[in-house]
Amino acid sequence: MERAQRVMPGGVNSPVRSFRGVGGAPPFFASASGPYLVDLDGNRYLDMVLAYGPLILGHLHRAVVEALQGQLTRAEALGGPSELEVELAEEVARRMPAVEMLRLTSSGTEAAMGAVRLARAATRRDLILKFDGCYHGHADSLLAAAGSGVATLAIPGSPGVPAGTVADTLVAPFNDLEAVAELFSREGERVAGVIVEPVAGNMGVVPPEPGFLEGLRELTSGHGSLLILDEVMTGFRVALGGAQERYGVSPDLTCLGKVIGGGLPVGAFGGRADLMGQLAPAGPVYQAGTLSGNPLAVTAGLATLRQLDSQLPYQRLEEMGARLEEGMSAAARKLGVPLRVNRVGSMLTFFFSEGPVRDYACARASDLARFSAVHRGLLERGVFWPPSQFEAGFLSLAHTDQDLDRLLEAFSAALSAAV
Ligand code: KE4
């Protein structure tokens, strides 16, 4: 880590990996297989991070490895269109009918950035509404923190983001439909779009309350605004057709990433053909990317999606998620520790909170010190849990029942050591 910090800010290439959120130094990983990671010292960990969501099949799934090996005999980059990109767009459209057309990118940040630009162009409006605690990548206009009050004009979420860049970004509390309705009654005709994680994952997992997503759909439709579902994390994770299938809400635009790259860099945004048709070169809205649709990354994404081709894998993921939720809750009950487990399918977060965690303010008010202590205890017992209260833990199809038994033993021991 000292060597890394001499040449990379914080010694990492993405902040959460530094363990600043939980304290202590992160292990440096060297290899992985199935549900396991191995660090430079040869210690093995059960992986509940899975590269923050992409590895829903686990590490080095045979189908992904074989597909990549085959692609490496053909090309690693092409600089021109390939059939592979068409196949991935068709696979996505097959699973998400609302995604009539797709543009591939190399990250979720680019996907959200492109979707927001397209929404503003298509509606000829400037205001974008996001939710406090939801993360859509680090594009300037979306690095916006909640101002004071309820649904308000944003303030820059980071140094280097000019106030003017977030002047057209509004922020409301997640799950607060009233705040959104009030905003639309005031400014609705100026709102280009609402962008939301249909299941929040970046404040820890916070599911949408009944009616929330449907309410956003009604409000946007009623005011000529667009609904953008950021499914970078939930896409093909929480259901065969993503959160839009699970909750029955049809967005105008969808952001994707993580699972559709199978661990290699892929993002995407897509939606109604009449909107996507306005994107360069078909239309005037500019968007581009040197490695967008890269054949290796697309190959890994295709191989992953093709393993997720029925309800069976999602039933297995649901079973494991439910078992983990129940086991963690039982361990906390036995120790008399207030614990809330928020879960949708195979993405879950535990909070040390007396009351329900329904938005970012609740998540921040939970016992972060206890989370850090339990995180450390899990790591010492060979379980790598996301190193931040505001991340989601993930399961993969490579996790076995025995892995879950060991995880629950480690959780119970780490919890009793932390109280
Ligand atoms: P990337 O640019 O990091 O590929 O995607 C940004 C993004 C967009 N939308 C959602 C809902 C996301 O969750 C993300 C990225 N997620 C974080 C972890 N929650 C990535 C991990 C990291 O930042 O290192």
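Each ligand, and each atom within it, is numbered from 1 in the order the structure gives. Owing to the predicted nature of the structure, the values given are computational and were not obtained by experimental measurement.
- Judged purely by distance below 3.5 Å, without hydrogens or angles, the side chains of T349 and Q389 never pair a donor atom with an acceptor atom.
- Residue-level contacts of ligand 1 at the 4.0 Å heavy-atom threshold are S14, V16, Y52, S107, G108, T109, Y135, H136, G137, E197, N202, D230, V232, M233, K258, E391.
- For the residue pair S329 / E326, no side-chain donor-acceptor distance below 3.5 Å is found, with atom types taken as modelled.
- In this structure Y36 satisfies the ring pair (Phe, Tyr, Trp, His ring centres under 6.0 Å) test with no other residue, sequence neighbours excluded.
- Every pair passing side chain to side chain donor-acceptor pair (under 3.5 Å) that includes a residue from residues 57-70 is listed here, sequence neighbours excluded: D47-H59.
- Considering only residues two or more places apart in sequence or on other chains, F29 meets the ring pair (Phe, Tyr, Trp, His ring centres under 6.0 Å) condition with Y45, F384.
- Counting only N and O atoms by type, the side chains of R217 and T220 include a donor and acceptor under 3.5 Å apart.
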